[in-house]
Visitor: 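First the structure, which I've put down as structure tokens, then a few questions once you've had a look.
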Protein chains: 2
Amino acid sequence: MSLDYILLGLLREPASGYDLKAVFDERIHYFWPAELSQVYPAMQRLEDKGLLRSREAPAKRGPRRRVYQTTAAGHRVLRQWLDESPELGDERIGFLAKVYLMDELRDLSKTRQYFRELREICATRLEELQAIERGWAAQDPHYPDALSARMFHVSLTLRKGLSSLATHVKWCDESLRRIEARMGKERSNGRTIPRHTLDSHRGGHHRTDRVLDSRSRKQGRPAAR
Amino acid sequence: MSLDYILLGLLREPASGYDLKAVFDERIHYFWPAELSQVYPAMQRLEDKGLLRSREAPAKRGPRRRVYQTTAAGHRVLRQWLDESPELGDERIGFLAKVYLMDELRDLSKTRQYFRELREICATRLEELQAIERGWAAQDPHYPDALSARMFHVSLTLRKGLSSLATHVKWCDESLRRIEARMGKERSNGRTIPRHTLDSHRGGHHRTDRVLDSRSRKQGRPAAR
DNA sequence: GACATCTATATAAAGAGTTATATAGTTCTT
DNA sequence: AAGAACTATATAACTCTTTATATAGATGTC
């Protein structure tokens, strides 16, 4: 489970669960969100395994704190994980699932509206990340050169966020262009065409419409992965 | 839960659990993977709620099949979900978590090797999607124009996959350039510098190194989201 | 006929993640 | 002095997902 390794990595410098939550919400959540209710038991488990150690720390401003830190064994486990080959992993992208099925609404103006909102959300997050990068550049006259090893690797992930979100926005724009072009055609074909027959009007050769038809697939690949 | 809505969407055309698994592994898994052990109970639950109906179907080649289909109530629930505003949602991107922490290995050639492998994985998947698009283009002389509403929306999601993976590959290439430039500098600075002091050699002004330091954050935003 | 493979459904158990709730000291404001 | 807001830890209940296991008919092959 990646959360365990992320904790081992973050706790190379000592921190409490509460501290970590702030770090997750500030930086890590872009690629791995976590709740306090997940972090506290995970830290206990990792301490039981000898991968973390903890101590009571004097609190500056609040109640008692329990501060955790990665042990030598924890470092070894972390390094072993980091040394494994990359995997693309399972991504669950809810907004794509919706687009995939959105023909059900039979109303392109709703699809258009969806993409307009999505574009704004992505653009806002892109600005968030750009602000982080500007902050780094303001603090460090050499940025993005001459970084410490730590910051160099972190900056690699920031660049990923920046390029991904820029691509998101571009995809929304491209989609909006396609949607609007299609809406133009729909209008010129006449509004009065009953919607449930629209598809067949537009040439009946769409064998690929049968997205769900399992008989059309080339070969039964094994169900297991 | 999105899986339920995806099932309502896919079962607008009747299919068995086994059929659906093939559809998931062929297309849907790019944005929402699912196992049979999740699909079967989910379909039963949705039938209990009246959103799906099922019947025994004669099997052409195997044992008995139970074929499910979305009811009118199911269509309504699906449409209601589709009509909600988009959300970016929580993405868990394991390969980014690794890069974020990979300074722990203190060996840039390992980081480089990681990116080389990741690049190959992404390029392979990109080719997969390009092959799907070529297949569509071969079947339909007008592609990507004059699509049915169904295929139009599906093609919007395919374009997302294509642009995302192309960006992945470009990010890997950019990262490899940066890593190699850095390795060049490391060599010219002399191999004999003890690794644990390398950071301080390279200008001690990196306040942003303290990624974990919660005291440096601007304001305590509420822990809740 | 034995064995492997494919089609097909189903459930149990374990693991991962979210939401809700409880507790309590500290600090700041009114 | 009261109350709100913040710091801090913890657990329970629930939901979602994965992995493992069981069953069994149909088909193909050696």
Side-chain angles (χ1 to χ4, degrees), chain A residues 1-7 15-25 28-29 31-47 54-68 87 89-92 94 97 214-215 217-225, chain B residues 1-7 14-25 28-29 32-47 54-68 87 89-92 94 97 214-215 217-225:
Chain A
M1 199 229 317
S2 292
L3 179 66
D4 286 5
Y5 298 109
I6 293 170
L7 293 177
S16 72
Y18 196 79
D19 293 339
L20 283 187
K21 175 59 177 165
V23 175
F24 271 96
D25 287 349
I28 312 296
H29 79 106
F31 55 84
W32 205 279
E35 296 300 324
L36 271 176
S37 58
Q38 221 186 335
V39 168
Y40 281 117
M43 290 196 301
Q44 286 169 14
R45 205 167 2 92
L46 291 169
E47 188 173 28
S54 76
R55 59 186 163 82
E56 287 274 335
K60 287 180 204 69
R61 262 216 315 283
R64 83 223 176 277
R65 295 155 44 82
R66 177 157 291 275
V67 170
Y68 288 82
E87 285 172 61
D90 292 340
E91 280 183 273
R92 286 192 170 73
S214 67
R215 282 160 294 181
R217 65 185 194 278
K218 297 93 219 164
Q219 46 176 320
R221 67 169 94 158
R225 40 182 67 193
Chain B
M1 200 225 321
S2 292
L3 179 66
D4 286 5
Y5 297 109
I6 293 171
L7 293 175
S16 70
Y18 197 78
D19 292 339
L20 283 187
K21 176 58 176 163
V23 176
F24 271 96
D25 286 349
I28 313 295
H29 79 105
W32 206 280
E35 297 300 324
L36 272 175
S37 58
Q38 223 186 332
V39 169
Y40 282 117
M43 290 197 302
Q44 286 169 15
R45 206 170 357 95
L46 290 169
E47 187 173 29
S54 76
R55 57 183 166 83
E56 288 273 337
K60 286 178 203 72
R61 261 215 316 283
R64 82 225 177 276
R65 297 155 42 83
R66 178 156 292 273
V67 169
Y68 287 82
E87 285 172 61
D90 291 342
E91 280 183 272
R92 286 189 170 75
S214 67
R215 280 160 297 182
R217 62 185 198 278
K218 299 92 218 165
Q219 45 174 322
R221 67 169 93 158
R225 42 184 65 190

Visitor: With sugar-phosphate meaning primed atoms plus P, OP1 and OP2, does B/Arg92 contact a base, only sugar-phosphate, or nothing at under 4.0 Å between heavy atoms?
Guide: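 Sugar-phosphate contact only - B/Arg92 comes under 4.0 Å of backbone atoms but never of a base.
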
Visitor: Identify the pairs formed between an N or O of the protein and an N or O of nucleotides 9-14 of chain D at a distance under 3.5 Å, and give each distance.
Guide:
unit_1, atom_1, unit_2, atom_2, d
D/dT9, OP1, A/Arg66, N, 2.6
D/dT9, OP1, A/Arg66, O, 3.3
D/dT9, OP2, A/Tyr18, N, 3.0
D/dT9, OP2, A/Tyr40, OH, 2.7
D/dT9, O5', A/Tyr40, OH, 3.3

Visitor: To the nearest Å, how far apart are A/Glu56 CD and D/dA8 P?
Guide: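 Value for this atom pair: 12 Å.
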
Visitor: In this structure, how many angstroms lie between the C1' atom of C/dT18 and the CG atom of A/Asp25, rounded?
Guide: 14 Å

Visitor: Partners of A/Glu47 by side-chain hydrogen bond (donor to acceptor under 3.5 Å, both in side chains), sequence neighbours excluded?
Guide: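 Testing A/Glu47 for side-chain hydrogen bond (donor to acceptor under 3.5 Å, both in side chains), a comparison that skips the adjacent residues, returns A/Ser54.
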
Visitor: Closest approach to the side chain of A/Asp90, judged atom by atom: which nucleotide of D/dT18, C/dT18, C/dA16 is it?
Guide: D/dT18

Visitor: Using whole Å, report how far CG of B/Leu20 lies from C1' of C/dA8.
Guide: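 In whole Å, C/dA8 C1' lies 13 Å from B/Leu20 CG.
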
Visitor: Rounded to whole Å, how long is the line connecting atom CD of A/Glu87 with atom P of D/dT18?
Guide: 13 Å

Visitor: Hey, does the side chain of A/Lys21 reach the backbone of A/Ser16 with a donor-acceptor pair shorter than 3.5 angstrom?
Guide: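 Absent.
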
Visitor: Quickly work out the A/Glu35 CD to C/dT19 P distance and round it to whole Å.
Guide: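 My rounded result for the distance is 7 Å.
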
Visitor: Which pair of heavy atoms, one from A/Phe24 and one from A/Pro33, lies closest together, and at what distance?
Guide: CD2-C, 4.5 Å

Visitor: Taking only residues two or more places apart in sequence or in another chain, which ones pass salt bridge (Lys or Arg N to Asp or Glu O under 4.0 Å) with A/Arg45?
Guide: A/Asp4

Visitor: Please report the shortest heavy-atom distance between A/Gly17 and A/Val39, naming the atom on each side.
Guide: CA-CG1, 4.2 Å

Visitor: Roughly how many Å is it from CG in A/Leu7 to C1' in C/dA16, rounded to a whole number?
Guide: 13 Å

Visitor: Would you mind reading off the distance between B/Phe24 atom CZ and D/dT18 atom C1', rounded to a whole angstrom?
Guide: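 For the pair B/Phe24 CZ and D/dT18 C1', the rounded distance is 15 Å.
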
Visitor: Could you list the residues that satisfy ring-ring contact (aromatic ring centres under 6.0 Å, His included) with B/Tyr40, not counting sequence neighbours?
Guide: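 With sequence neighbours excluded, B/Tyr40 shows a ring-ring contact (aromatic ring centres under 6.0 Å, His included) to no residue whatsoever.
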
